[in-house]
Structure formats: C-alpha cells, structure tokens
Amino acid sequence: MLSNPDLTNPLRADDFNSEVFPTWCPGCGDFAIWAALKNALVKLNLAPHQTVLVFGIGCSGNFASFVKANIFHSLHGRALPAAVGAKLANHELNVIVIGGDGDGFAEGLSHTIQTIRSNVNLTYIVHDNHVYSLTVGQSSPTSMKGFKGKAHPDGYNEFQLNPTALAVSAGGTFVARGFAGDIPHLTDLIVKGVWHRGFSFIDVMQPCPTFNPEMSYDWYRKRVYKLEDKGYAPDNRFKAWEVTQEPLDQKIAVGILYEEDRLILEDNYPQISKTPLVKHDLSKLDISSLLEKYQ
Ligand SMILES: Cc1ncc(C[n+]2csc(CCOP(=O)(O)OP(=O)(O)O)c2C)c(N)n1
Ligand code: SF4
C-alpha cells in the first residue's frame, strides 16, 4: 500500500475536508463516521491523493461532497462493482467504499454477497441507519420489526436482514460492527479494516434522528458492548455466527467479529497482481489471434 511520502508535513483530519461543510441533519450519525474515516486516514498516513473513496446514493452517499480524496459517486446499489473495477485497474490504490443499508442490502445485495465471497482487497463501510433516509423514511432490509415509516404507517413486519450474519456465512474474511457513538473505536476498526488484506466489511450502527428517531444514540448506548471487553477472539467463524444471532433490540456487539487470512481475488490473476493494469504497455499487446476466433 502507498503511504504519505512527505513525512515533514504530517496529515491532519482537516486535510480531508472538501470546501463543502456537510448538509446532514443536526445529530446525524453520518457526522461521526465522517470524523472516524478522516481520523483513520490520518492514522494510516494516507494522503488524500492516495485514497479512492467510492460512494453509493443516499444521505451516506452525500458524504462524497464533504471529503477530499479521489472520489467516485456511483449509482444506488452499484458502489461495490465500481470499486472492484478501480481496485483491479490499480491494486496499489487504497480503495474504500461507503454506502447505506438500502444501497448495500437491498438494490446492491447481490454485489455485496459476491464481493464478500471474492475477497477483493477493499474496505466497505455501511452507514446502517435501518431506514432509507435520502428518500425520506421508507423501510430498508435492516429496519426493525414494528418500524413505523411513511411506507409502513402501521409498522413494518418483515424479517430483519442480519448483515454481519450474512457476511460471516458468505465467507467474509473481516467482519466487524461499529457504532457512530464511539468515534475512537470506529476509527480503530476502519484502520484495521484497511490493514486487512482482503475484503473488510464494517456495518456501522448509525442513528438517523430524522427518519428513525427511536434508534437514537441513547437507544444504542443501552445495548452496545465491546467484544474486546469480553476477551472475545475473532478467530472462529462459528463463534462469530453466535454473536451475530444476538437480538439487536437487546444487545449489540461492536468490534471485529471474525478475521481470517485468505487468498484475495487479485492473487488469482498474476497479470493484475504484479504490475497494475493501468501501467501495462498496451501498445505491445497483440490480440489478433484472439479476435480471429470471432471472425
Ligand atoms: C438505481 C437507483 N435506484 C433507486 C434510487 C432511489 N434512491 C436513492 S437513495 C435511496 C435509498 C437510500 O437509503 P440508504 O441506501 O439506506 O442510504 P441513506 O440515505 O439511509 O444513507 C433510494 C432508494 C436511485 N437514486 N437510483
Ligand atoms: S435524514 Fe437521517 S441519515 Fe439523512 S442526513 Fe438526516 S439524520 Fe442523517
């Protein structure tokens, strides 16, 4: 991975601010994730030009306007394929993907599962506020049973998708849960996610006071506990699965649930993993014999 070459000019979190101050509602958990990401990039010593941030569409995706880095604001549900493309084109780049629970667990769910399986070397941070916020308060796959939104005035009654259980069962090699109410802890998770060689999945519990006021910071604080405080070791997929089954309305474990070293997607393709594709000399590439097959 690249690192900031100019050690005489150490990075500060403010170096990652764009000219636009966030337009999120007062009290929105997105502010905390914004802060944690900037802190993490400072700790990782990665300057803005050394990081690619790929966003979906949502309040979470609006983050794209509030941060300085190489930014790609993609389509709703399609941030992961765009990020995989960037990473495979130049694996020397540090690529972080940011989206909402609607983005990654509804329209983009198949991309989430396939990218977890492939173990491509990316970090994926989900602003999981358990609601579609940008489109003003419809239920998402992670909405709690009984959630009352505009599309469900009498209460949402479908089975709640469990993102960390999904990631553990899909072969995730770094599965973590964070909380926007603990910025230092979340910063640390993002740093470890970027360090991890493989796909890092970080499901962040994010309050949305405007469209999901019940799941407030206080609501979370009554339930959140840190796995590391319990002496938990994230080295066993079965144990991780057990943690994912704890009912969210009663206790919410944060920290790394599971981590494992495994071949990454890029390892299967030496033509990608040696020299980045963008540095290949295409002028010497002869594909005429390949094209003949299709004539
Ligand atoms: C392809 C496509 N489908 C749907 C939409 C409409 N849309 C925009 S944001 C959004 C949901 C946002 O919810 P979430 O991903 O949870 O992000 P949040 O706003 O809560 O951060 C939807 C359905 C869109 N813009 N593009
Ligand atoms: S609607 Fe919710 S998620 Fe969107 S900016 Fe406001 S508080 Fe944040």
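Throughout, numbering of the chain's residues begins at 1 and tracks the sequence. All values reported here derive from a predicted model rather than from experimental measurement. In each ligand, atom 1 is the first atom listed, and ligand 1 is the first ligand listed.
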Q) With a 4.0 Å cut-off on heavy atoms, does I57 reach ligand 1? A)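 Per 4.0 Å heavy-atom rule, I57 contacts ligand 1.
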
Q) Taking the non-hydrogen atoms of H127, is any one of them nearer than 4.0 angstrom to ligand 1? A)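 It does not, in that no heavy atom of H127 comes within the 4.0 Å cut-off of ligand 1.
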
To the nearest 0.1 Å, how far is [atom] from its closest protein heavy atom, and which atom is that?
atom: atom 15 (O) of ligand 1; result: D103 N, 2.8 Å
atom: atom 24 (C) of ligand 1; result: H76 CB, 3.6 Å
atom: atom 6 (Fe) of ligand 2; result: C25 SG, 2.3 Å
atom: atom 13 (O) of ligand 1; result: Y132 CA, 3.4 Å
atom: atom 4 (Fe) of ligand 2; result: C59 SG, 2.4 Å

Which ligand 1 atoms, with their elements, are less than 4.0 angstrom from a heavy-atom of [X]?
X: T135; answer: 7 (N), 8 (C), 10 (C), 11 (C), 22 (C)
X: G102; answer: 14 (P), 15 (O), 16 (O)
X: C59; answer: 18 (P), 19 (O), 21 (O)
X: V131; answer: 16 (O), 20 (O)

Can you tell me if [atom1] on [X] sees more than 12 non-hydrogen neighbours from other groups inside 6.0 Å?
X: D261; atom1: CG; value: no
X: Y217; atom1: OH; value: yes
X: E214; atom1: CD; value: no
X: Y269; atom1: OH; value: no
X: Q245; atom1: CD; value: yes
X: K239; atom1: NZ; value: yes

Q: Ignoring angles and geometry beyond distance, decide whether S133 reaches within less than 3.5 Å of ligand 1 through its nitrogen or oxygen atoms.
A: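 In this structure, S133 places an N or O atom under 3.5 Å from an N or O of ligand 1.
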
Q.
Would D30 count as a polar contact of ligand 1, with the cut-off being nitrogen or oxygen pairs under 3.5 Å?
A.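 Such a contact does not occur with ligand 1.
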
Using a strict cut-off of 4.0 Å, indicate which atoms of ligand 2 neighbour a heavy atom of [X].
X: S133; result: 1 (S), 2 (Fe), 3 (S), 4 (Fe)
X: F211; result: 1 (S)
X: P209; result: 7 (S)
X: Q206; result: 3 (S)

Q) Does any N or O in the side chain of T173 come within less than 3.5 Å of the main-chain N or O of E259, such that one atom is a donor and the other an acceptor? A)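 No; judged by distance alone, with no hydrogens or angles, the pair does not exist.
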
**Q.** Short side-chain to backbone donor-acceptor contact, T51 and A69, under 3.5 Å
**A.**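 No.
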
Q: Mind checking the CG-CD spacing from L265 to Q114? Nearest 0.5 Å is all I need.
A: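 Going from the CG atom of L265 to the CD atom of Q114 covers 11.5 Å.
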
Q: May I ask you to check whether C208 brings an N, O or S atom to under 2.8 Å from atom 2 (Fe) of ligand 2?
A: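 So C208 does bind atom 2 (Fe) of ligand 2 by this criterion.
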
Do we see a donor-acceptor contact under 3.5 Å between the side chains of [X] and [Y]?
X: S216; Y: D218; answer: no
X: E158; Y: H152; answer: no
X: D30; Y: H127; answer: yes

Q.
Any atom of ligand 2 sitting under 4.0 Å from a heavy atom of H127?
A.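 H127 does not count as a contact of ligand 2 under the 4.0 Å cut-off.
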
Q.
Below 2.8 Å, can you find an N, O or S atom of C28 next to atom 4 (Fe) of ligand 2?
A.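 Within the cut-off used here (under 2.8 Å), C28 places no N, O or S atom near atom 4 (Fe) of ligand 2.
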
Q. What about the rings of Y258 and W241, do their centers lie closer together than 6.0 Å?
A.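 Ring-ring flag for Y258/W241: false, centres at least 6.0 Å apart.
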
Q: Would you tell me which option among S60, G108, G100 has the nearest heavy-atom contact to atom 21 (O) of ligand 1?
A: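 Nearest option to atom 21 (O) of ligand 1, by heavy atoms: S60.
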
Q: Report yes if some heavy atom in the side chain of L41 is under 4.5 Å from a heavy atom in the side chain of K38; otherwise report no.
A: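 Contact flag for L41/K38 side chains = no.
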
Q.
Taking 4.0 Å as the limit for heavy-atom contacts, which would you say applies to E107 with ligand 1: side chain only, backbone only, both, or neither?
A.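 The side chain, only.
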
**Q.** For ligand 2, the portion of N129 having any non-hydrogen atom under 4.0 Å away
**A.**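 Just the side chain.
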
